Chemist: 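There's a structure below that I have some questions on.
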Amino acid sequence: MSYNKALNNPIFKIIAQASKELNIDSYVIGGFVRDFILERDFKKDIDVVAVGSGIDLALKVSELLPNKPKVQVFKNYGTAMLRYKEIDIEFVGARKESYTQDSRNPVVENGSLEDDQNRRDFTINALAFSLNEKDYGTLVDPFNGLEDIKNKIIKTPLNPDITYSDDPLRMMRAIRFATQLKFEIESESLSAIERNKERIKIISGERIVDELNKILSTDKPSIGFLHLYQTGLLEIILPELTALNNVEEVEGHTHKNNFYHTLEVVDNICPNTEDVWLRWAALLHDIGKAPTKRFSPKQGWTFHGHEFLGGKMAKKIFERLHMPLNHKMKFVQKMVMMSSRPIVLAQDIVTDSAVRRLVFDAGEDVDDLMTLCEADITTKNPSKFKKYHNNFNIVRKKIVEVEERDHVRQFQPPISGEEIMALFGLKPSREIGMLKEAVKEAILEGDIPNEYQAAYDFVIAKAKKMGLKVTK
Ligand code: ATP
């Protein structure tokens, strides 16, 4: 069967022409072929393998293109890349790889197309379309990848123990593809991952996180996290999460399994957001529960302070996995630390002042915090489920009302410290701090509106009680 239809982008004819002029064979390989067969969205990234020099082929292709795009050459890797109409095209010479025990960087030699397909991670990623005159558009499929796509199976071309041990990142990739594509991982492969799990330790945090982010960006990340858990990888990468997987019983009291609960929360958040950081917040929102868990006959199971500890643990995880320690980390930490606040609200009568305080503390992130907390409702009791959601709707409405009236989301004191100092002829001091704090509290409590005149009158009255005299 010919796949000419897949190759209707004019760039393929040009690559074919360039290969012909250089007298080498070339193929489109990997994700492009897989995604075409799967009828998945085209992902603007094409991999071309040349049986010869990938760099020479890229240079020739650029020469044949009207605008002669710049070719980025990565000499050390024997690869080159150019951009054609927003599409990145990567050229690589067909290669044969052999691995050593302590590194995922192989020793590389030139090889045939077959050698190159052998080194690919999965049968579904080893498929190639020919760009050669003699069989243009033919699928080259030595490992029955097409069949595996139809059967929705992730499987390695060679012995999985060798494939995973050679480059342990492939274990994460297998699980990531299974999650993205909703494919099964072949059972031989799954047990090979289990056997080789310790090898993940040679992979950098950045690469592991890349894969975790891709899993977290799917519509059902729990598929991936369950695989990570069952293969033992999660215990190595995020032991803070696996520590949540238990249920204890004392005197007939149990608590919920916070690991499975967490996965439900992460899944719940997915349809509503593109933001991977909110999903990280969902993933980590209960990690403080394992170390804070206590039982007392009076209160049953408690997790006092788990939010605060969880926030601190989140930062440590970011550090350990070499994740960004910038505002993204701060956001995740803040979400974890505040993750119970709206819940407490939603269980009670929702007062304006409680909502005002919530908006003040969460600031610009208050909507994300609400999304996280709504996702956190995993109760299987329909009446409780309904009640909590109704209350959250009330909280959301009140957030809008309170914000329109009081503008506390980006709180600016209506009367400045300088003005208060000038009024009483004081330098920065404890009294000034107390007056500023009192103004803020009065606004959050709803005693005065967030307006200049009201704040001015309030300061004068409060200062009088403190024995201060207006000097101005
Ligand atoms: P996506 O872009 O969705 O991640 P992709 O398959 O294009 O999918 P890339 O990471 O761009 O993924 O890799 C391109 C191709 O290179 C893969 O299809 C696969 O053939 C090969 N490949 C990538 N990483 C590895 C690896 N660690 N081991 C073996 N082959 C790999």
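Ligands are counted one by one from 1 in listed order, and the atoms in each one are counted from 1 as well. Below, each value reflects all heavy atoms present in this structure, side chains not excepted, and no hydrogens, waters or symmetry copies. The structure displayed is predicted, hence computed values, not measured ones.
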Chemist: Show me which atoms of ligand 1 lie under 4.0 Å from any heavy atom of K214.
Modeler: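 Matching atoms, with element in brackets: 4 (O).
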Chemist: What atoms in ligand 1 come closer than 4.0 Å to a heavy atom of R119?
Modeler: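 Every atom of ligand 1 under 4.0 Å from some heavy atom of R119: 29 (C), 30 (N).
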Chemist: What protein heavy atom lies closest to atom 8 (O) of ligand 1? Include the residue and the distance to one decimal.
Modeler: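 Sorting protein heavy atoms by distance from atom 8 (O) of ligand 1 puts R34 NH2, 3.2 Å first.
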Chemist: At less than 4.0 angstrom from any non-hydrogen atom of G30, what atoms of ligand 1 do you find?
Modeler: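 That gives atoms 18 (O) of ligand 1.
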Chemist: Would you check whether D167 reaches within less than 4.0 Å of ligand 1, judged by its heavy atoms?
Modeler: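 Yes.
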Chemist: Could you note down all residue pairs passing side chain to side chain donor-acceptor pair (under 3.5 Å) where residues 67-81 supplies at least one of them, sequence neighbours left out?
Modeler: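 As it turns out, there is no side chain to side chain donor-acceptor pair (under 3.5 Å) pair with a partner in residues 67-81 once direct neighbours are skipped.
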Chemist: Is the closest basic N to carboxylate O distance between D121 and R173 below 4.0 Å?
Modeler: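 The answer is yes: the pair qualifies as a salt bridge.
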Chemist: Of all the non-hydrogen atoms in the protein, which one sits nearest to atom 11 (O) of ligand 1, and at what distance?
Modeler: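 Ranked first by proximity to atom 11 (O) of ligand 1 is D45 OD2, 4.2 Å.
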Chemist: Less than 4.0 Å between a side-chain N and a carboxylate O, is that true for K60 and E63?
Modeler: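 Salt bridge: yes.
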Chemist: Salt bridge or not for R95 and E109, using N-O below 4.0 Å?
Modeler: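 No, no charged N to carboxylate O under 4.0 Å.
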Chemist: Just one of R170, R34, Q117, R120 clears the side-chain hydrogen bond (donor to acceptor under 3.5 Å, both in side chains) bar with N125, so which one?
Modeler: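 Only match with N125 under side-chain hydrogen bond (donor to acceptor under 3.5 Å, both in side chains): R34.
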Chemist: With heavy-atom distances below 4.0 Å as the criterion, list the atoms of ligand 1 near R176.
Modeler: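 Once the distances to R176 are compared, the set is 1 (P), 3 (O), 4 (O).
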Chemist: Do me a favour and list the nearest non-hydrogen protein atom to atom 15 (C) of ligand 1 with residue, atom name and distance?
Modeler: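 Answer, as residue, atom name and distance: R120 NH1, 3.6 Å.
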Chemist: Do the side chains of K256 and E264 get close enough for a salt bridge, i.e. N-O under 4.0 angstrom?
Modeler: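 Result for this pair is no, no salt bridge flagged.
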Chemist: Would you check whether D47 has a nitrogen or oxygen atom less than 3.5 angstrom from a nitrogen or oxygen atom of ligand 1?
Modeler: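 By distance alone, the answer is no.
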Chemist: What's the shortest distance from atom 2 (O) of ligand 1 to any protein heavy atom, and which residue and atom give it?
Modeler: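 Ranked first by proximity to atom 2 (O) of ligand 1 is K43 CE, 3.3 Å.
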Chemist: Give yes or no for whether the N/O distance cutoff of 3.5 Å, strictly under, is met between R173 and ligand 1.
Modeler: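 The answer is yes, given that R173 and ligand 1 share an N or O pair closer than 3.5 Å.
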Chemist: Atom 30 (N) of ligand 1: which protein heavy atom is closest, and how many Å away?
Modeler: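 The protein heavy atom lying closest is D121 N, 3.2 Å.
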Chemist: Using a distance-only test with no angle check, is there a side-chain donor-acceptor pair under 3.5 angstrom linking N381 and T379?
Modeler: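 There is no such pair between these side chains.
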Chemist: Here's one to test your reading of the geometry: is the NZ or CZ of K289 within 45 degrees of the ring axis of F303 and under 6.0 Å from its centre?
Modeler: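 Positive - K289 is close enough to the ring of F303 and near enough to its axis.
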Chemist: With side chain to side chain contact (heavy atoms under 4.5 Å, CB included) as the test, pick out the partner of I11 among V61, V48, V28.
Modeler: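 Running side chain to side chain contact (heavy atoms under 4.5 Å, CB included) over V61, V48, V28 with I11 returns exactly one hit, V61.
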Chemist: I need the nearest protein heavy-atom contact for atom 28 (N) of ligand 1: residue, atom name and distance, please.
Modeler: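 For atom 28 (N) of ligand 1, the nearest protein heavy atom comes out as R170 NE, 2.7 Å.
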